[in-house]
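We name chains A, B, ... by the order of the sequence lines, and we start the count at 1 in each one.
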Amino acid sequence: MTVRLPDGHRLKCTAGTGAGEALARWKPDEASRFLAAVWNGRAVDLAAPLDRDGELAPLTFEDRAGREILQHSAAHLVAKGIVEAVPEALPTVGPPTEEGFYYDFDVRPLTPVDLEVARSAMDRSVRAREPFVRRELTREEAERIFARNPHKLRYIAETPPDEPISVYETGRFVDLCRGPHVPDTHWLEGVHILGFSAITSEKTEKGPALQRVRGVGFPTAPQLAQFLKARAEAEARDHRTIGQKQDLFFFTEEAPGFPFWLPHGMVLVRELEKFVTEHLDAEHYSEIRTPLLFAQGVYETSGHWEHYRENMFLTELDDRTFGWKPMNCPGAMLIFRSRARSYRELPLRLAEFAPLHRLEASGTLNGLLRVRELVQDDAHIFVTEDQVEAEVVTLLEWVKQAFTTFRLEWSYELSTRPASFLGEAADWDRAEAMLEKVLRASGVRYRVSPGEGAFYGPKIDIHIRDSLGRPWQTGTIQLDFQIPRRFELSYQGADGKLHVPVVVHRTILGTWERFLGVLTEHVGGRWPPWMAPVQVRVLPVTEKHAAAASGLAEELVQEHIRFEVTGTEDSLAKRVRSAELDRVPYVVVLGDREVAEGTVSVRVRGTKEARTLSRAEFLSGVREKIRRREFDP
RNA sequence: GCCGCCAUAGCUCAGUCGGUAGAGCGGCUGAUUUGUAAUCAGCAGGUCGGGAGUUCGAUCCUCUCUGGCGGCUCCA
């Protein structure tokens with residue numbers, strides 16, 4: 001029997017040789033890193049016997065598939081621990097996730113004590129190096145073993161008849177599972193339970209909630225320690241922490257989910273607005289402002305009453321129900337409809353930065369990342385069908401320019417026709433093909449989510465990750481063939497006939513709130529000079545240098561540079577420290593030397609040494625950094 | 001909204017086995033006038049998140065409400 005390996009090596013084995021054994025003969029030095037194998041395209045345990053000629057490759061923790069196998073094995077270990085802690089707990093499923101894994105249990109609400117007990121049981125198992133043993137069973141055997149667990153019985157019933165039923169044993173714990181798994185629990189010394197919560201889903205909505213235990217696994221304890229350290233560091237970058245330190249925003253009990261923007265935070269908002277507005281001007285947008293409240297009928301027309309009513313703030317007026325707008329669409333539609341329109345006006349690009357209100361459930365609020373009042377860099381572009389492509393191309397260029405400025409990496413997600421959709425399938429196909437073509441040409445990574453489009457059209461969502469690797473959806477570009485129809489919008493074409501425009505709903509940064517939340521964490525509070533609430537802090541060495549400081553201050557005012565001049569009550573060292581902690585991009589010290597020479601001593605954020613520059617050099621340097629919106633000072 | 005946890009000074013936190021509280025930072029005042037990450041001293045800040053209950057007595061125990069955190073769900 002011959003086994004072919006990834007480097008082309010051929011290994012002669014007797015039938016029944018284990019996959020792990022074969023791999024160890026191939027690469028004895030690396031064998032300790034192999035946690036599973038791929039045998040003829042299928043992931044298998046290292047213990048799996050090789051029974052014919054074929055191709056064999058190792059899996060390590062560095063492989064995505066290998067990582068998932070370890071996470072899933074970790075989930076089994078957690079299940080073993082929980083069942084020891086709470087014997088009546090019924091395990092359901094325990095898949096790997098992006099970060100780690102979870103395991104859902106049908107059980108009374110868990111307590112922190114349950115987790116402690118489970119943790120010690122898991123530790124014991126890891127120290128005992130219990131092997132994961134695979135067994136294939138008949139349906140009857142399996143049904144007998146899991147007779148007490150209706151969830152597992154359902155999975156058994158759902159297994160296709162031609163697929164074997166397998167279980168994995170870890171010590172005395174047996175779980176229904178396809179596998180594969182790591183060879184033994186020693187591989188799981190870096191497993192950590194992150195927390196638990198009740199989960200509600202369509203399946204469990206009616207019955208009592210399942211309890212989900214989440215965790216993460218690494219092959220070794222030091223790797224886990226490193227992960228936990230990175231997590232602790234992430235907490236220091238939390239936008240809520242930085243927002244408080246830098247006086248950016250706050251929340252109060254009196255208005256849960258509604259941010260208060262403080263002066264420093266408002267500077268950030270205004271800078272973003274300026275940045276976006278420059279683009280809008282260059283691309284011939286027009287800005288509008290429309291009402292915050294509309295009568296119910298408008299939302300019935302748009303379809304939002306049906307789909308979104310429970311998330312709207314409502315109010316009564318003259319026996320009619322009004323809703324605070326959760327998006328800007330109605331205003332733009334009504335402006336378009338307010339008079340006869342010609343094809344010569346298209347594309348008509350209407351931008352609106354209005355406060356939107358969404359009644360988000362209390363449990364979902366999360367700092368600036370999920371709020372009840374928000375502002376989007378929103379616009380509605382009214383086009384003919386053959387203008388759509390050029391608009392989308394321009395938008396993706398703007399996405400590139402914007403996210404490059406912030407040094408954020410982004411990717412796209414194309415969401416296509418959902419099961420229930422409005423309009424003709426052929427129109428959808430054409431629109432989707434067009435979007436995909438534009439995406440392909442952009443050169444940026446994208447993925448397709450079939451069936452995830454809005455009911456009125458396909459869309460491209462923009463995802464960014466912060467510096468800690470967490471993904472966030474920000475902007476979205478949506479094609480809409482339906483709402484214009486529902487609002488009975490039309491323009492007169494060159495042919496003299498009336499046509500319904502297509503609307504491109506688009507927001508690029510998403511909302512100021514969420515974008516600034518992510519950006520705060522991305523930059524760790526070290527704002528690019530052009531955004532920094534305080535761009536320059538001037539530190540006169542002693543009181544006698546105050547006049548020189550005022551002189552510099554006047555020049556800074558003329559340059560429209562945001563600055564502060566400190567008093568001299570505190571020591572210079574303390575004021576430098578304080579400026580550094582406040583992440584001020586430029587700290588200027590003025591003392592005898594500088595006054596005599598007409599220079600400034602500049603300390604650039606993050607550098608230890610001060611540089612001496614003429615005032616003019618300093619001012620023009622800062623001005624240029626700001627003008628070019630450079631990321632670093 | 002669901003599950004768990006949390007709520008003490010502006011901030012970060014300590015504390016009271018039930019006898020109404022303390023530190024550091026910040027703030028204010030004074031002294032110091034300082035050369036690139038913390039000068040010194042003094043002072044003022046708290047019905048211990050709100051309400052109810054148990055108790056001679058509750059910041060501490062119980063219930064409840066509100067808000068926050070971690071998840072779930074959701075984001076048209």
Review point. Which atoms form the tightest heavy-atom contact between A/Val595 and A/Ala548, and what is the distance?
Key: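 Smallest interatomic distance, heavy atoms only, reads CG2-CB, 3.6 Å.
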**Study point:** A/Met266 and A/Phe249: CA distance, side-chain angles, deciding distance, side chain to side chain contact (heavy atoms under 4.5 Å, CB included) verdict
**Key:** CA-CA 8 Å; A/Met266 207 54 210; A/Phe249 60 86; over 6 Å; no
Check your understanding: Base, sugar-phosphate, or nothing: which does A/Ala610 touch, judged by heavy atoms less than 4.0 Å apart?
Key -> base
Review point. When all nucleic acid strands are considered with a 4.0 Å heavy-atom cut-off, which category describes A/His307: base, sugar-phosphate, or nothing?
Key: nothing
I'd like to know if [X] reaches the base of [N] with its side chain such that a donor and an acceptor end up less than 3.5 angstrom apart.
{"X": "A/Arg603", "N": "B/A37", "value": "yes"}
{"X": "A/Arg240", "N": "B/C69", "value": "no"}
{"X": "A/Glu594", "N": "B/G35", "value": "yes"}

Without decimals, in angstroms, what is the distance between [X] [atom1] and [N] [atom2]?
{"X": "A/Ile199", "N": "B/U73", "atom1": "CD1", "atom2": "C1'", "result": "10 Å"}
{"X": "A/Glu609", "N": "B/A37", "atom1": "CD", "atom2": "P", "result": "11 Å"}
{"X": "A/Gln376", "N": "B/C75", "atom1": "CD", "atom2": "P", "result": "15 Å"}

Review point. How would you label the glycosidic angle of B/G45: syn (within 90° of 0) or anti?
Key: syn
Review point. Is any side-chain nitrogen or oxygen of A/Gln244 closer than 4.0 Å to OP1 or OP2 of B/G10?
Key: no
Study note, to complete from the structure: Taking Watson-Crick and G-U wobble contacts under 3.5 angstrom, with | marking pairs to another strand and [ ] crossing pairs, the secondary structure of RNA chain B is written (((((((..((((.....[..)))).(((((.......))))).....(((((..]....))))))))))))....
Check your understanding: Of all the nucleotides listed (B/G70, B/C3, B/A76), which has the minimum atom distance to the side chain of A/Gln211?
Key -> B/C3
What does the list of N/O pairs under 3.5 Å between the protein and nucleotides 41-48 of chain B look like, with a distance for each?
none

Polar atom pairs between nucleotides 25-27 of chain B and protein, under 3.5 Å, N or O only, would you list them?
residue	atom	partner	partner atom	Å
B/G26	OP1	A/Lys574	NZ	3.2

Check your understanding: Going by an N to O cut-off under 4.0 Å, is there a salt bridge joining A/Glu413 and A/Arg447?
Key ->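 Answer for the salt bridge query: yes.
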